[in-house]
Amino acid sequence: MFAAERRQLILEMVRANGAVSLRELARVVQTSEVTVRRDVRALEAEGLLDRRHGGAVLPGGFTRESGFPQKSHLATAEKTAIADLAAGLVEEGEAIVVGAGTTTQELARRLARVPGLTVVTNSLLVAQALAHANRVEVVMTGGTLRGSNYALVGSGAEQSLQGLRVSKAFLSGSGLTAERGLSTSNMLSASVDRALVQAAAEVVVLADHSKLGTDTMFQTVPTDVITRLVTDESPAHDDRAATELQALADQGVQIAVAGASGGGAANGGGPSGASGAESVARQQRRDVPLPGPRRQVPGAAAGLRSAAALSEQNGGTERARVADMRRR
């Protein structure tokens, strides 16, 4: 395929889907990601699309959100791997919240096998995936249906989450950076996600590598609130993804990488640690105070000196008595 043909096909894919990952573009046009990245750069120079970390979007994509039909066909292999690893973080009998998104939908399909689980969600897709799981209880929030991603949003959804407390929240979004954390392009979705976060003791973000370094309009989860990130293995030449992961780890986020050697990478123990995950998060040093100088009990030294003097005195008296007896 000639360069002009490749670029025309790339442009058509981006126009049809709103956003496409470099990996998906390379698969469709049957070339390397390096070549696709060069094509995307050329199309951006012409003002026909915008580059994003790991992909391409329509011009003005900073404020645009793709609908479910488009997003469901993006990075499907990556989402599957992320969902497989994230499911290992859920234990029997837990109560969790799961936000809306195509990645969380994949997670829900795997949670159907966890007995005694309670899942609170604002996503119709998550609820549908768990509808026939006999041993899983599904609790839906209230709210207004947002058709583009089949999620319940608005004040009704937020109010139904008040007073709720669960062990973990699983969320996805449109972008993730170390500076701002998780973000999304829709204000209503961001507001409900923030309410989900408030209900959870731990926050687990599910985001494929194409979202790393991407920033969108509305912040949902600040970096310092994110407990763990579950992502996929980025291409070897993708230095920006590695840099972003390190920056997130430096801020205390535990990183779990699906598809890495040993089934994944994680830090901090738990189910993912038990699967042989490789630690990416920083190590913490524990400073142990050094012992100080020995303390002496007041008067102890004087007491020792007095005892020695008394002993010497007694010894001298005894020697004098023995000498006197010999003279006699």
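Computed from heavy atoms alone, side chains included, the values below leave out hydrogens, waters and symmetry copies. Residue numbers start at 1 and run along the sequence shown. Please read all numbers here as calculations on a predicted model, not as lab measurements.
- A donor-acceptor contact shorter than 3.5 Å is absent between the side chain of Gln251 and the backbone of Leu248.
- Under the 4.0 Å criterion applied to side-chain N and carboxylate O atoms, Arg41 and Glu44 are not assigned as salt-bridge partners.
- Taking every heavy atom of both residues into account, Glu202 and Thr227 meet most closely at CA-OG1, 3.5 Å.
- The shortest side-chain heavy-atom distance between Lys211 and Ser174 does not fall under the 4.5 Å cut-off.
- In plain terms, the two heavy atoms of Arg110 and Ala87 that are nearest each other are CB-CB, 3.9 Å.
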Checklist entry - Can Lys79 and Glu106 be said to form a salt bridge (Lys or Arg N to Asp or Glu O under 4.0 Å), step by step? => result CA-CA 7 Å; Lys79 292 172 184 176; Glu106 286 296 325; over 6 Å; no

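- Atom-to-atom distance recorded for Arg228:CZ and Ile226:CD1 is 12.5 Å, nearest 0.5 angstrom.
- Between Thr104 and Gly99, the shortest heavy-atom distance links the atoms OG1-O, 2.8 Å.
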Checklist entry - Does the salt bridge (Lys or Arg N to Asp or Glu O under 4.0 Å) test come out yes or no for Glu78 and Arg23, once each step is laid out? => result CA-CA 10 Å; Glu78 291 87 342; Arg23 185 174 297 179; 2.8 Å; yes

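- Gln198 places none of its side-chain heavy atoms less than 4.5 Å from the side chain of Leu161.
- Within the model, atoms OG1 of Thr141 and CG of Leu196 stand 7.5 Å from one another, a figure rounded to the nearest 0.5 Å.
- Between the OG1 atom in Thr184 and the CD atom in Gln219 there is a gap of 12.0 Å [rounded to 0.5 Å].
- Taking the side chain as every heavy atom from C-beta outward, Val98 and Val120 never approach each other to under 4.5 Å.
- Val136 and Ala112 get closest at one heavy-atom pair: CG2-O, 4.0 Å.
- How far CG of Leu25 is from CE of Met13: 5.0 Å, rounded to the nearest 0.5 Å.
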Item to check | Trace of the side-chain contact (heavy atoms from CB on, under 4.5 Å) decision for Leu171 with Val204 | outcome: CA-CA 6 Å; Leu171 300 173; Val204 182; over 6 Å; no

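- The 12-atom threshold is not exceeded at CD of Glu179, counting heavy atoms of other residues, nucleotides or ligands nearer than 6.0 Å.
- Residues Leu117 and Val90 meet the side-chain proximity criterion, which asks for heavy atoms closer than 4.5 Å.
- Minimum interatomic distance between Thr177 and Thr223 (heavy atoms only, all atoms of both residues): O-OG1, 3.5 Å.
- To the nearest 0.5 Å, atoms OG (Ser21) and CD (Glu33) are separated by 7.5 Å.
- Closest approach of Val97 and Ala169 over heavy atoms only: CG2-CB, 3.2 Å.
- Atom CD of Glu5 and atom CG of Asp39 lie 11.5 Å apart (nearest 0.5 Å).
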